[in-house]
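See structure below.
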Amino acid sequence: MSEPGSVQKSEPGSVQKPEPGSVQKPGPGSVQKPEPGSVQLTEPSGDGQPGLRAGLRRRHMTMIAIGGAIGAGLFVGSGSVIETAGPAAILSYAGAGLVVLCVLRALGEMVVARPVAGSMGEYARMAMGPFAGFTVGWLYWYLYVILVGAEAVAGAAILGNWIDLDQWILSAGLLVVMTAVNLVSVKSFGEFEFWFASIKVVAIVAFLAIGLAWVFGLWPGSDAGFANLTRHGGFAPNGIGGVFSAIVVVMFAFGGTEIVTVAAAESKEPGPAVARATNNVLWRVGLFYVASIFLVVTILPWNDAKVLTSPFVSALEHIGIPAAGTIMQVVILTAVLSVLNSAIYVSSRMLYVLTRDGDAPASLVKLNKRGVPARAVLLGTVAAWGAVIASYVSPDKVFTFLVNSIGVVLAFVYVAIMFSQLRLRARLRREDPSALTYRMWGYPYISWAVIIALFAVFVAMARNPDQRNQLFASTISLLAVMAIYPLRAKFGRKKPVRDVEVLHH
């Protein structure tokens, strides 16, 4: 890494930085020769340290995108959505999915035009300056660090049903195992995520097949028909307000689809990989969510107490699937491990990029011989362990606040993505229109419509007593990160940078 204010002469094959405030058209430059079997994508640091490696294949990228969106929230959290909206929860999932689809499309446009390591944090930096890049980057890191701790606690709770050990020991075990997976190599992360996501997809496809057979009278003893959609108070028993209130909850269930844009920096074709993953994953995830919820509220009355607590288990037990509870516990544990694996990965890569930009201690940028930011991985795990400790020392206060403090952070990041896309799209149209090969639909109108929809979500949360605490705690997180930036700008060893390194191939 160069000293502040210095200008380095670029060697043949290096990655050049653009002029401040501009969007640089990638040239034909190559990268340094990596170890056999991998491709180096990022610029070596000043000490000769190698950059991130392209160890992720096309199948990894596809399943990372699908798996990132299918978390335990689908299998468990959908009960609260059904309680709020009734059978019209189908519309809530469809509406929220549409908003997230547009956000991912906007992000995909930027990734294809200018692939970078760090994704949304670096696009905020490129579009709106170092303050925005610092804020989005650290918020996103904080989101996933707390998520690591929360998922470790959730996984330990499930394992506690089968293993007679204290849950803090089980949480520690899960953290150690998944941290080790991420320390081995990016390919190791990709392989684990591929199989975790595959198990989740197989489980949902099996549920869809069984559920459809039941609904259409092809399953022995089934009650064919769609009467439950309207029989108990109508399709939308709590009115249109219930549908919109549920959208607030559902939107965050789709969180994780953007992980593929972070992982793109370690694939051999970042732009095309994201374009393929975005095109393929969105309709698949939408189908999984919408079709699954449709079957749940068709098989059982929406106001059945069991549906509200464990919708998928209740539906399978009603159909007569033996050991449905145990089967779903295994699937949910897989979903938890998948999120845990991805969260460790994302938090480490975001911290790596923040370090490279001078927004975090320089020592954290060091990579091991396999191209893994090991120190960033370990720091994220240590921070997550703090959340695990809080869950046992103060579950009702500290841990609850920590979980609430990330509840709306993803929506803040979504807003930043949309504003970044608006500014970068305009700049690219002036400076390099040929780079816009993968475009956001209906620019700029749909982009602004998404921003308005996200702010409507904030207003709805502020008016809902059950969701107000999440909005309040997450806003504190946002303001805390913003308040730290002036200290970074004044005392940081490296001046705040607007330049973003574009990945060359």
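Side-chain atoms are counted along with the backbone in the values below, which use heavy atoms only and exclude waters and symmetry mates. Worth saying up front: this structure is predicted, and the values here are computed from it rather than measured.
- Legend: ring-ring contact (aromatic ring centres under 6.0 Å, His included) pairs involving residues 78-126, not counting sequence neighbours, sorted by first then second residue: Tyr93-Tyr289.
- Using a 4.0 Å cut-off between charged nitrogen and carboxylate oxygen, Glu266 and Lys187 do not count as a salt-bridge pair.
- Scanning all heavy atoms of the two residues, the minimum distance from Leu471 to Phe458 falls at CD2-O, 3.5 Å.
- Shown here for Ala152 and Leu340, the closest heavy-atom pair between the two residues is N-CD1, 4.3 Å.
- Between the side chain of Ser342 and the main chain of Ser338, a donor-acceptor pair closer than 3.5 Å is present.
- Put simply, CD1 on Ile344 and CG on Leu183 are 8.5 Å apart, with the number rounded to the nearest 0.5 Å.
- Put simply, the side chain of Leu424 does not reach to within 4.5 Å of the side chain of Arg114, judged on heavy atoms.
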Would Val313 and Phe75 count as a side-chain contact (heavy atoms from CB on, under 4.5 Å) here? Give the steps.
CA-CA 8 Å; Val313 172; Phe75 303 108; over 6 Å; no
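- The side-chain heavy atoms of Ile451 and Leu422, taken from C-beta on, include a pair separated by under 4.5 Å.
- In this structure the side chain of Met328 never reaches within 4.5 angstrom of the side chain of Ser310, judged on heavy atoms.
- Looking at Arg57 and Glu191, no side-chain N of the basic residue comes within less than 4.0 Å of a carboxylate O on the acidic one, giving no salt bridge.
- In terms of modelled atom types and a separation under 3.5 Å, the side chain of Arg370 and the main chain of Ser185 share no donor-acceptor contact.
- In this structure a side-chain-to-backbone donor-acceptor pair under 3.5 Å is present from Arg498 to Ala127.
- The closest donor-acceptor contact from the side chain of Glu109 to the backbone of Met440 lies under 3.5 Å.
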Given the rule in the ring pair (Phe, Tyr, Trp, His ring centres under 6.0 Å) test, do Tyr140 and Phe412 qualify, once you have shown the distances and angles that lead to the verdict?
CA-CA 9 Å; Tyr140 199 65; Phe412 294 158; over 10 Å; no
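- In this structure, Gln470 and Ile406 have side chains that are not in contact, with every pair of non-hydrogen atoms separated by 4.5 Å or more.
- Side chains of Trp441 and Leu101 form a contact here, defined as non-hydrogen atoms less than 4.5 Å apart.
- Under a cut-off of 6.0 angstrom, the local environment of CZ in Phe192 is sparse, with at most 12 non-hydrogen atoms contributed by other residues, nucleotides or ligands.
- With rounding to the nearest 0.5 Å, the separation of NZ in Lys200 from CD1 in Ile332 is 12.0 Å.
- Relative ring orientation between Phe312 and Phe207 is described as tilted, the plane-to-plane angle lying within the 30° to 60° band.
- Side-chain contact annotation: Asp357 with Thr355, donor-acceptor N/O pair under 3.5 Å absent.
- Closest heavy-atom contact between Leu428 and Ala113: CD1-CB, 3.8 Å.
- A cation-pi geometry, defined here as NZ or CZ lying under 6.0 Å from the six-membered ring centre and within 45° of its normal, holds between Arg59 and Phe194.
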Step by step, would you call Val372 with Asn182 a side-chain contact (heavy atoms from CB on, under 4.5 Å)?
CA-CA 8 Å; Val372 175; Asn182 277 268; 5.9 Å; no
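- Closest approach of Ser348 to Val377, counting heavy atoms only: CB-CG2, 3.4 Å.
- Here the SG-CD distance, from Cys102 to Gln421, works out to 10.0 Å after rounding to the nearest 0.5 Å.
- Put simply, the side chain of Met120 reaches to within 4.5 Å of the side chain of Met350, judged on heavy atoms.
- Residues Ser474 and Asn404 come closest through the heavy atom pair OG-O, 3.0 Å.
- Here the side chain of Arg488 pairs no donor or acceptor atom with the backbone of Ala360 at under 3.5 angstrom.
- Taken to the nearest 0.5 Å, the CG atom of Asn341 stands 11.5 Å off from the CG atom of Leu174.
- For the pair Arg349 (side chain) and Val346 (backbone), a donor-acceptor distance under 3.5 Å is absent.
- Using a 4.0 Å cut-off between a side-chain N of Lys or Arg and a carboxylate O of Asp or Glu, Glu122 and Arg356 qualify as a salt bridge.
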Sequence neighbours left out, cut at 3.5 Å: what donor-acceptor pairs do the side chains of residues 142-150 make with other protein atoms?
from, atom 1, to, atom 2, distance (Å)
Tyr142, OH, Ser405, OG, 2.7
Tyr144, OH, Glu258, OE2, 2.8

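- Annotation for Arg468: atom CZ counts as buried by contact number, over 12 foreign heavy atoms lying within 6.0 Å.
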Would Met126 and Val116 count as a side-chain contact (heavy atoms from CB on, under 4.5 Å) here? Give the steps.
CA-CA 10 Å; Met126 190 186 297; Val116 299; 4.3 Å; yes
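- Phe131 places a side-chain heavy atom less than 4.5 Å from the side chain of Met482.
- Applying ring-ring contact (aromatic ring centres under 6.0 Å, His included) to Trp448 and the options Phe455, Tyr443, Phe419 leaves one that passes, Phe419.
- Side-chain polar atoms of Glu193 and His60 form no donor-acceptor pair below 3.5 angstrom.
- Taking CG of Leu212 as the start and CD1 of Ile299 as the end, the distance is 8.5 Å to the nearest 0.5 Å.
- Counting non-hydrogen atoms of neighbouring residues, nucleotides and ligands closer than 6.0 angstrom, the CZ atom of Phe235 exceeds 12 such neighbours.
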For Tyr414 and Val450: C-alpha separation, side-chain torsions, deciding distance, then whether side-chain contact (heavy atoms from CB on, under 4.5 Å) applies.
CA-CA 9 Å; Tyr414 284 169; Val450 172; over 6 Å; no
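- When side chains are defined from C-beta on, Ser292 counts as touching Ile204, because their heavy atoms get closer than 4.5 Å.
- If you take CE on Met110 and CG on Leu436, they are separated by 11.5 Å, rounding to the nearest 0.5 Å.
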Listing, residues 78-87 side-chain donor-acceptor contacts under 3.5 Å, not counting sequence neighbours, or none:
from, atom 1, to, atom 2, distance (Å)
Ser78, OG, Leu74, O, 2.7
Ser80, OG, Gly77, O, 2.8
Thr84, OG1, Ser80, O, 2.9

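- Minimum heavy-atom separation, Val201 to Phe288: CG1-CZ, 3.9 Å.
- Between Trp141 and Tyr352, the ring centre distance reaches or exceeds 6.0 Å.
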